[in-house]
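Any value given below was found using the heavy atoms of this structure, including those in side chains, with hydrogens, waters and symmetry copies removed. All ligand and atom numbering here is 1-based and tracks the order in the structure. The chain is numbered in sequence order, starting from 1.
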Amino acid sequence: MNPNLLTTHWSRLPKETLQALQAEKLRRYLRDVVVPFSAHYRALFQQHGMKPESIRTLEDLEQIPLTTKADLANTPEHPQRAKEFVLIPDEQVLARRPSTVMRALRYGRESVRRGFEREFRPIFMTSTTGRSADPVAFLYSEHDLHNLEIGGARIMEVCAGQRDWRLINMFPYAPHLAFWLAHYASTGFGIFTVGSGGGKVLGTDGNLRLMQKVQPDVLIGMPTFLYHVLQYAVDEGVRCTNLKRLVLGGEKAAEGIRRKLRNLAAKLGSPKVDVLATYGFTESKMAWAECPFPVDDSPSGYHLYPDQGIVEVIDPKTGLPLPEGEPGEIVFTPLDARGSVVLRYRTGDIIEGGLVYDPCPHCGRVLPRLLGKISRSSEFKSMQLDKIKGTLVDFNQLEHVLDDAPNVSSWQLEIRKCNNDPMELDELILHVHKLPEASEDRVIRELNNRCAERIEVRPNRIVFHDAEAMRDLLGVGRLLKEQKVVDHRPKPSSASAPATSTASSPATPEAGIPQPVTTVQPPGLK
Ligand SMILES: [Zn+2]
């Protein structure tokens with residue numbers, strides 16, 4: 001079988017053909033690229049007595065141990081851990097290969113040298129948003145940037161974008177995958193794009209001015225940030241009638257926020273907007289998108305690129321691969337990456353509908369798709385939200401419950417201790433900006449019922465704010481990601497410890513600024 005089929009027919013291959021071609025590509029990739037040039041995998045293959053040649057089918061992938069976030073983190077014993085995952089080519093090995101010799105004879109040594117440099121020399125990096133204290137850097141060669149353009153252009157294709165549209169990239173300008181993927185997707189696809197840098201660079205009003213000027217067809221950014229910009233636009237009475245796609249990334253997109261975004265776009269004069277989500281992570285060096293679907297139907301999942309990587313869904317407890325369509329943890333192995341390379345990377349993300357291969361019901365493409373909601377179990381763990389008011393609370397569930405609440409436009413959940421006393425009971429304060437048409441009484445009633453029914457914990461108080469105060473509270477335009485949950489419980493071990501930040505906020509200096517818990521003095525008292 002022609003191995004190039006995987007690339008030329010990436011969206012048209014049935015499962016069996018696709019998996020056979022993936023196994024073949026994986027074997028070559030391990031043999032020619034990863035095992036010879038990755039310090040980590042060379043040692044690992046040696047240690048386990050494995051050989052790339054023993055990968056005959058996709059099931060053989062199981063022989064390679066899984067890699068976790070912790071494996072990538074630097075430790076005092078391994079201060080340069082992440083570097084062990086960077087491919088460093090051995091010139092002598094490359095020089096001896098018959099293909100190198102042939103190319104040198106045909107095009108000259110300088111051309112071959114330049115080719116290897118393009119393939120291997122890191123010239124770009126992104127890093128994890130650092131839910132852990134130490135963000136992990138991921139390096140890209142020119143070869144990787146080319147793949148970033150290819151993967152990005154495919155997002156545009158899957159979203160059914162058009163080249164003559166105009167796009168604003170509202171992801172925060174930072175060394176994170178989201179902004180740069182959107183950037184390279186635009187150059188790869190060939191669509192007019194302006195990067196606003198998100199709220200921190202231009203502010204919400206700066207983004208709005210840009211929208212008025214560009215009159216975009218597509219907005220791409222984090223769902224909560226797009227929501228605040230569109231809400232602001234509606235409040236300011238702005239018209240923005242060209243909008244056709246809102247492409248979401250960087251955080252999960254609950255059904256509730258999609259509906260709210262559609263409603264806001266309609267108020268701006270764009271009633272026919274497709275709100276589509278993407279999914280990706282630093283370690284994948286790519287992201288995948290949903291294709292447009294009817295408003296009354298459900299999305300058909302993230303459309304994967306079988307030639308660029310292998311996605312598995314495993315049982316998070318046993319680590320074993322699960323059958324098609326079963327919920328489990330997403331694991332990723334690249335098939336054409338250079339720079340930083342991690343095989344069988346455990347994302348910590350749980351996909352509810354698993355991995356499916358049947359033709360997409362909406363666009364008809366035949367490729368693997370990740371179906372259903374994604375819950376970031378890693379976020380949940382680092383939040384330590386397991387016990388609020390003594391009840392086990394699933395943070396992912398809670399976020400869906402609040403995002404989907406009908407009359408709530410935005411929210412923040414604050415956890416604190418009564419009287420700021422570590423020995424006291426937990427207190428839950430829900431800060432809310434409500435839709436103007438609903439009364440406060442109604443919203444309180446609805447929220448209390450939703451919370452009691454679905455997460456068995458009710459907020460102690462619901463506090464209403466106007467849109468501006470809410471944006472302020474969430475850190476819109478100040479933080480890279482809005483703070484939807486803040487934990488202001490004092491640490492019992494040290495009275496002076498700052499209030500902890502949330503998992504959904506990245507470890508930037510700004511995000512680390514705690515919102516101080518102050519005792520409010522009644523006015524007039526000194
Ligand atoms: Zn589709």
So that I know where these two stand, are [X] and [Y] an aromatic pair - ring centroids less than 6.0 Å apart?
X    : Y    : result
W288 : F332 : yes
Y173 : F179 : yes
W180 : F171 : no
F85  : Y41  : yes

Checklist line | Atoms of the protein (N/O/S only) found under 2.8 Å from the Zn ion (ligand 1) | finding: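 Listed by chain and number, the atoms are C291 SG, H303 NE2, C360 SG, C363 SG.
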Notebook entry, point to check: Parallel under 30°, tilted from 30 to 60°, perpendicular over 60°: which one fits the rings of Y302 and Y279?
Noted result: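 Tilted, since the angle between the ring planes falls between 30° and 60°.
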Notebook entry, point to check: What class does the angle between the rings of F120 and F37 fall in, given that below 30° is parallel, 30 to 60° is tilted and above 60° is perpendicular?
Noted result: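 The rings of F120 and F37 stand perpendicular, inter-plane angle above 60°.
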